[in-house]
Asker: 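Below is one structure. I have some questions about it.
Residues: numbered from 1 along the sequence shown. When reading the values below, keep in mind they use all heavy atoms of this one structure, side chains included, and skip hydrogens, waters and symmetry mates. If you're wondering where the values come from, they're calculated on a predicted model, not measured in any experiment.
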Amino acid sequence: MPLAACTSTPKDQPSQVTEQLGPKGAVPAGLDRFYGQPLTWGDCAPYATSGGAKSAFAVKTLQCARLTVPLDYAKPDGDTITIGVLRHKATDQDNRIGSLVMNPGGPGASGMEAAANLSQGAAQGELGKRFDFVGFDPRGIGASEPQVRCLTDKERDANREEDLEADGSPAGVAKQETEAKDFAGKCAQRTEHGDAMLANVGTRDVVKDMDVLRSALGDEKLSYLGYSYGTRIGSTYAEAFPKNVRAMVLDGALDPDQDSVESLVAQGQGFGKAFGQYASWCAARQDCALGANPAGATKAFQDLVRPLVHLPVTLTDGRKLTFGDATLAAIQALYSQQLWEPLNSGLNELKLGKGATLMALADQYNERDRSGRYATTQDAFTAIRCVDDPRVTDKNKILDAGRRYDEAAPFLDDGGPQGAALDSCAFWPVPNTSKPHEPTVGGLPPVLVVSTTNDPATPYDAGVNLAKAMKGSLLTYEGTQHTVFLQGIGCVDSAGTKYLVDGTVPPEGTRCTG
């Protein structure tokens, strides 16, 4: 029988509640104790591992818990790890449908923060009334324990300042490869359980955790919202557990059949296209840092940032704005039109030999707070990518990818010789556990894929391909941003909400605009 029992806590602390709502649905052999485990919900503040999380988790209507899962699903009686989980309960419990589990992508971003932030905006809407908003930090990430840890804050600052990627000379390539090998070794040394954790941190294992979570939440079937890399979690879950899917919204899709090299080039095309949109927006302004002619924007941008390769700008705090940080600032700004204004301000500042605004944008991408502390997102990003995709060691392929990337996004070209450095994945201590492929999803209910025409990070065609592969419905948004559902675009939000509530997909060919 489901169990709900309050446990006593000090008067100044929110009460805890322990619920045992599982197991629900089929339980894989040997996993009974995980699928049927109780969850103890309480205050979210102790789960915060970053400044952003601390702020997001301060809302008193949120509850957090830890889910226990096997470190290695092939050894369910062996070591265990925990997954941080956050929920905002449905405001209309009489008409509650279930849980809406979500992941914001990365890989390496916090699902707990995503759920906390989305719940505040959508709590009074139809989804907030009908669903518990549930976010989890995938294994190795954020509040989940242990975290993947590779570099210290000082080491990451030093790597950014050294900016080795801007040097494609033979000596520069050798330095890059030494750094990549060092990074891989530190990940294995500094992450608890070492190689075993790194071997089991990929999407193959995340979706198994998500099915344990579904059961522990008391849901017979999963309702899921995945953004960006979260679409890969969604498609992988659908392939592994097709009978356990109720509904899925997959927004900002990764192409399921695209290898890491082709995905990188496609992303370059996305950034190049988005930069063109930014340049047109900027040219209409009297204060445009790139001038009044969009056709000259690439050269104007290069003229501003290329000198940083050899002469970084020193900030008032002693940090140095490098070419890598300046271009990363531009990439961060292209994810959302809301950041176009600060990008223009930062480029105008750069003309005056100042770099604080661009550095702030680069810090935002890297999740570095004002005290100099980094979230471990970038460590987790690499660790997951290295086991989700086969390693690339063919230097001719690396050179070709770099050339094609610069052609697709010329504003990011540093102007120097093209290098062919192996990345950290080439030196990774464990083999990959997955590879891109078209998912086999027979018997899956209709899914809804949302794709944006000028998405800078996950190009529109990737969503088209994912919808086709999953035999799902495609909703097109005409705009320039990365992901769109539940971000205030009425047409998209209405279609996605209707689908999640009653399973109705929008008519074929539906297109939304801002």
Asker: Going by the disulfide bond (SG atoms under 2.5 Å apart) test, which pairs reach into residues 223-263, not counting sequence neighbours?
Answerer: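 Not a single pair qualifies under disulfide bond (SG atoms under 2.5 Å apart).
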Asker: Have a look at D157 and tell me which of R368, E162, K320 forms a side-chain contact (heavy atoms from CB on, under 4.5 Å) with it.
Answerer: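 Result for side-chain contact (heavy atoms from CB on, under 4.5 Å) with D157: R368.
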Asker: Side-chain contact test, heavy atoms from C-beta onward, threshold under 4.5 Å: evaluate it for T236 versus S434 and give yes or no.
Answerer: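 Of all side-chain heavy-atom pairs linking S434 with T236, none is under 4.5 Å.
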Asker: Identify whether NZ of Lys or CZ of Arg in R391 sits under 6.0 Å from the centre of the six-membered ring of W428 and within 45° of that ring's axis.
Answerer: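 Output no; distance or angle outside limits.
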Asker: Between D369 and K54, is there a salt bridge with N-O shorter than 4.0 Å?
Answerer: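 The answer is no: the pair does not qualify as a salt bridge.
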Asker: Over all heavy atoms of both residues, which pair between L86 and C44 is shortest? Give the atoms and the distance, please.
Answerer: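 Of all heavy-atom pairs spanning L86 and C44, the closest is CD1-SG, 3.8 Å.
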Asker: Could you check if a side-chain atom of F485 sits within less than 4.5 angstrom of a side-chain atom of L475, using non-hydrogen atoms only?
Answerer: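 Side-chain contact under 4.5 Å: no.
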Asker: Would you call D400 and R404 a salt bridge, taking side-chain N to carboxylate O under 4.0 Å as the test?
Answerer: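 Looking at D400 and R404, the cut-off is met.
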Asker: State, with a plain yes or no, whether a side-chain heavy atom of D79 is found less than 4.5 Å away from one of I81.
Answerer: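 D79 vs I81: side chains apart.
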Asker: D379 pairs by salt bridge (charged side-chain N to carboxylate O under 4.0 Å, His left out) with which of K186, R156, R149?
Answerer: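 The passing option is R156.
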Asker: Please list all pairs meeting ring pair (Phe, Tyr, Trp, His ring centres under 6.0 Å) that have one or both residues in residues 395-426, counting only residues at least two apart or in different chains.
Answerer: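 Counting only pairs at least two positions apart or across chains, the ring pair (Phe, Tyr, Trp, His ring centres under 6.0 Å) contacts touching residues 395-426 are F275-F411, F301-F411.
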Asker: Quick one: are V173 and P170 in side-chain contact, heavy atoms under 4.5 Å?
Answerer: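 No, their side chains stay 4.5 Å or more apart.
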Asker: Under 4.0 Å between a Lys/Arg side-chain N and an Asp/Glu carboxylate O for R403 and E407?
Answerer: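 Salt bridge: yes.
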